[in-house]
There are 2 protein chains.
Amino acid sequence: MPKREGTTIAGKRDPKTRVKPTLDEIAERANTSRSTVSRAFSRPDLLNPKTVAQILAIAEEIGYRPNNMARALSTGRTGNIGLLVPDIANPFFPPLIKAIQSQADALGLCLFLGSSGESGARENTLFERLAGQTDGIILASTRLSEAQVKIHAARHPITLINRDMAGLPRVLIDTQAAVMEAVGFLAENGHRHIAYLSGPKESWSNQQRMEAATEACRRTDMRLSIIPLSEPSFEGGEAAAEEAVAAGVTAILAFDDLTAQGAHARLSALGIDVPRDISLIGCDDALPAMTYPALSTLSGLSQEAGRHALKLLCDAIEHRDGSQDMKVVLGARFILRDTAGPAPAGDAKDRDRS
Amino acid sequence: MPKREGTTIAGKRDPKTRVKPTLDEIAERANTSRSTVSRAFSRPDLLNPKTVAQILAIAEEIGYRPNNMARALSTGRTGNIGLLVPDIANPFFPPLIKAIQSQADALGLCLFLGSSGESGARENTLFERLAGQTDGIILASTRLSEAQVKIHAARHPITLINRDMAGLPRVLIDTQAAVMEAVGFLAENGHRHIAYLSGPKESWSNQQRMEAATEACRRTDMRLSIIPLSEPSFEGGEAAAEEAVAAGVTAILAFDDLTAQGAHARLSALGIDVPRDISLIGCDDALPAMTYPALSTLSGLSQEAGRHALKLLCDAIEHRDGSQDMKVVLGARFILRDTAGPAPAGDAKDRDRS
DNA sequence: TTGAAAGCGTTACCAC
DNA sequence: GTGGTAACGCTTTCAA
């Protein structure tokens with residue numbers, strides 16, 4: 001390793017100025033030791049106030065910035081956390097990321113972001129890379145297998161969002177009650193046959209919703225067509241909408257808002273009016289805040305989820321041993337807006353006939 | 001610093017297994033030196049292939065992961081890059097972030113994300129924090145003052161997105177031609193008075209658009225009402241739309257898609273039909289891919305911008321000295337969709353009268 | 001082709 | 001209250 005005193009980039013006025021001031025630099029100027037300077041930052045209470053003041057002044061003067069890497073190497077704490085999401089472009093995630101980011105900020109933590117493109121393999125690589133530079137990682141609705149999550153969890157603190165694995169801290173947005181409400185609303189409004197556009201099979205959220213929809217339809221004696229989405233995207237929603245129409249439903253419950261919007265677009269293209277001809281309900285409440293017309297949906301709570309997740313993660317990082325089976329469940333609700341209403345008259349007749 | 005051999009978390013089978021295997025660990029097992037093991041990873045070509053193979057095997061067996069922090073401390077390279085955006089929830093950014101993320105991924109770089117909540121002060125703090133753990137930072141349309149950017153740039157490689165500062169590598173999405181196209185379209189379709197919903201004053205993009213709109217209206221002899229947005233959000237768009245209506249325009253050009261959607265919502269709430277009564281044009285093409293009805297807009301190119309930005313940043317990191325004034329300009333275009341069309345008949349009469 | 005050893009910038013233990 | 005010093009895990013020069 002070469003000496004790299006007074007490297008290329010020139011100092012300001014002081015000829016002695018190095019590129020990056022260090023603790024030793026300050027120690028020298030303050031005529032004190034490295035340890036004392038270090039303490040001036042980490043535990044000033046242990047020091048003579050005058051010493052602290054002097055050190056801080058010098059630090060300020062020469063523009064000292066503590067080196068996180070060195071600190072991390074020594075303490076084993078990085079002050080960073082990681083967040084892995086399947087697709088940052090999916091509107092469900094930005095609010096969640098934002099919530100986590102701003103809370104991390106408040107805690108003085110920096111955020112590593114990984115967007116895996118819905119690929120489990122990529123997620124593994126990303127996890128591996130992030131694990132080395134973070135104190136813990138939040139896994140949001142990822143495509144990782146249970147086994148893989150467990151392996152990772154054994155090495156590194158983890159918090160899960162929308163995935164229910166016993167033994168790991170997790171926060172779940174429970175949409176089952178909301179799905180029931182929504183289906184109940186449709187039943188009361190004369191609908192007899194509805195579709196559920198089903199998302200990724202591995203998705204806990206999707207399993208929950210499908211299960212609730214099935215149960216709710218059973219109770220209300222409605223017919224349910226489950227239509228799998230080719231992918232949880234706008235385009236996926238478009239294609240699925242067509243199938244729903246072919247199936248003859250009068251209402252569509254979509255896996256999420258994005259697919260609901262795709263469905264809306266396709267329905268309109270087919271000359272089908274929402275909600276006059278077909279009612280449409282999304283999920284997550286991610287898009288309605290930025291789109292018109294206002295989509296009926298199930299409330300999202302992604303921000304609350306983010307906040308809780310970070311909190312759980314921090315707890316997990318603190319006492320890595322006492323892994324009490326922490327689990328936070330947030331209950332979503334049905335939000336009626338402009339895209340859902342009574343079944344069309346023709347269908348009401350169907351009901352009379354039957 | 002205490003010895004922390006065989007810490008809490010138990011090894012698998014080998015009683016000697018520490019929590020985190022290190023180079024020395026491998027060296028010991030392979031009966032070789034730390035240096036050799038290090039080289040087996042960084043410069044295997046310098047070593048006897050057999051030695052390399054043996055080392056790699058052992059590494060694999062005990063699950064060795066190089067410690068990024070230590071490596072960074074020694075080399076001065078972190079392998080991380082930072083990205084600062086004003087608001088990740090603004091739909092312009094996710095695609096951009098995604099593009100940068102996936103390319104960073106391909107290059108083996110990890111991404112630090114900072115979302116500043118549109119606050120310059122916060123951005124400074126974030127920058128400071130990220131600078132210590134990244135090799136370079138991409139600043140996307142931030143609210144930092146020129147002076148501050150310069151200060152930061154002097155210490156740390158930077159690339160700018162949508163900000164035109166000479167001397168720094170930057171990528172710009174030029175929407176002026178697109179604005180001209182859009183205004184031209186409106187002029188040809190009988191509009192005589194339009195509004196521009198103006199975004200943040202410090203925003204380069206906003207300045208560009210406003211300037212182009214002004215010039216285009218001058219040329220086509222149209223009246224232009226500039227309406228400042230209280231904030232570049234859905235709500236901001238709603239409020240501004242009301243002012244636009246009061247001003248009596250027949251078309252609205254919005255700062256971005258999000259504000260356009262807000263405007264759309266308010267117009268509809270007021271019983272004003274888009275595009276029959278008022279034409280509406282957004283900018284960035286961020287939302288149309290996930291909303292219905294399809295918004296007319298100016299193409300976004302945020303993904304291309306992201307790709308170029310990362311490329312420029314990497315260049316800047318390589319040869320930190322030869323700061324050739326790199327500047328990439330991407331030209332946006334007007335995209336006509338469902339929300340813009342001819343001026344209402346009544347207005348056409350206005351024109352006849354004048 | 002390999003090894004020894006000197007850093008990188010901190011922290012934290014131990015002694016004064 | 002303060003200072004010396006050994007880590008933290010890795011890279012890289014220099015010598016063998």
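Lettering follows sequence order; numbering is per chain, from 1. Fair warning: this is a prediction, and the values are worked out from it, not measured in the lab.
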Could you go over nucleotides 1-3 of chain C and give all protein N or O partners under 3.5 Å, atom names and distances?
unit_1: C:dT2; atom_1: OP1; unit_2: B:Thr51; atom_2: OG1; d: 2.7
unit_1: C:dT2; atom_1: OP2; unit_2: B:Asn48; atom_2: N; d: 3.0
unit_1: C:dT2; atom_1: OP2; unit_2: B:Thr51; atom_2: OG1; d: 3.4
unit_1: C:dG3; atom_1: OP2; unit_2: B:Thr32; atom_2: OG1; d: 2.4
unit_1: C:dG3; atom_1: OP2; unit_2: B:Ser33; atom_2: N; d: 3.1
unit_1: C:dG3; atom_1: OP2; unit_2: B:Ser33; atom_2: OG; d: 3.3
unit_1: C:dG3; atom_1: OP2; unit_2: B:Thr36; atom_2: OG1; d: 2.5
unit_1: C:dG3; atom_1: N7; unit_2: B:Arg39; atom_2: NH2; d: 2.8
unit_1: C:dG3; atom_1: O6; unit_2: B:Arg39; atom_2: NH1; d: 3.3
unit_1: C:dG3; atom_1: O6; unit_2: B:Arg39; atom_2: NH2; d: 3.2

(request) Quick one: list whatever passes side-chain hydrogen bond (donor to acceptor under 3.5 Å, both in side chains) with B:Glu128, sequence neighbours left out. (result) A:Arg65

(request) Applying side chain to side chain contact (heavy atoms under 4.5 Å, CB included), name anything that partners A:Ser102, two or more places apart in sequence or on another chain. (result) none

(message) Can you pull out every ring pair (Phe, Tyr, Trp, His ring centres under 6.0 Å) where at least one residue sits in residues 35-68 of chain A? Sequence neighbours excluded, please.
(response) A:Phe41-A:Tyr64

(request) Applying side-chain hydrogen bond (donor to acceptor under 3.5 Å, both in side chains), name anything that partners B:Ser115, two or more places apart in sequence or on another chain. (result) none

(request) Rounded off to whole Å, could you give me the CD-to-C1' distance for the A:Glu28 and C:dG9 pair? (result) 15 Å

(request) Could you state the atom-to-atom distance from CG of A:Asp24 to P of C:dT11 in whole Å? (result) 12 Å

(request) Kindly state which residues belonging to residues 124-132 of chain B come within less than 4.0 angstrom of DNA chain C, counting heavy atoms of the residue only, listed by number. (result) none

(request) Just call it for B:Tyr64: base, sugar-phosphate, or nothing, with non-hydrogen atoms closer than 4.0 Å on any strand. (result) sugar-phosphate

(message) Restricting to salt bridge (Lys or Arg N to Asp or Glu O under 4.0 Å), what partner residues turn up for A:Arg122, sequence neighbours left out?
(response) B:Asp105

(request) From the options B:Ile138, B:Thr159, B:Thr134, select the one residue that forms a side chain to side chain contact (heavy atoms under 4.5 Å, CB included) with B:Leu83. (result) B:Ile138

(message) What is the separation between atom CG on A:Asn68 and atom P on C:dG9, rounded to the nearest whole Å?
(response) 14 Å

(request) Take atom CD of A:Gln54 and atom C1' of D:dG1, then tell me their distance rounded to the nearest Å. (result) 14 Å

(message) Show every ring pair (Phe, Tyr, Trp, His ring centres under 6.0 Å) that has at least one partner inside residues 69-89 of chain B, sequence neighbours left out.
(response) none

(request) Mind calculating the distance between CZ (A:Arg43) and C1' (C:dA12) to the nearest angstrom? (result) 11 Å

(message) Without decimals, in angstroms, what is the distance between B:Leu73 CG and D:dC8 P?
(response) 14 Å

(request) Specify the separation, in whole Å, of atom CG of A:Asn67 and atom P of D:dC8. (result) 18 Å

(request) Would you please name every residue forming a salt bridge (Lys or Arg N to Asp or Glu O under 4.0 Å) with B:Lys311, sequence neighbours left out? (result) none

(message) Heavy atoms only, 4.0 Å cut-off, all strands: where does A:Arg65 land among base, sugar-phosphate and nothing?
(response) sugar-phosphate

(request) Report the C-alpha separation of A:Asp45 and A:Arg39 in whole Å, then their side-chain angles, then the decisive distance to 0.1 Å, and conclude whether the salt bridge (charged side-chain N to carboxylate O under 4.0 Å, His left out) test is met. (result) CA-CA 9 Å; A:Asp45 50 301; A:Arg39 277 190 281 255; over 6 Å; no

(message) Can you list everything that forms a salt bridge (Lys or Arg N to Asp or Glu O under 4.0 Å) with B:Arg71? Sequence neighbours excluded, please.
(response) none

(message) In this structure, how many angstroms lie between the C1' atom of D:dT12 and the CG atom of B:Leu23, rounded?
(response) 13 Å

(request) Please list all pairs passing the ring pair (Phe, Tyr, Trp, His ring centres under 6.0 Å) test where one or both residues lie in residues 97-149 of chain A, with sequence neighbours left out. (result) A:Phe112-B:Phe112, A:Phe127-A:His152

(request) Give me the bend of the helix from C:dT1-D:dA16 to C:dC16-D:dG1, using the axes of the five pairs at each end, rounded to 10°. (result) 40°

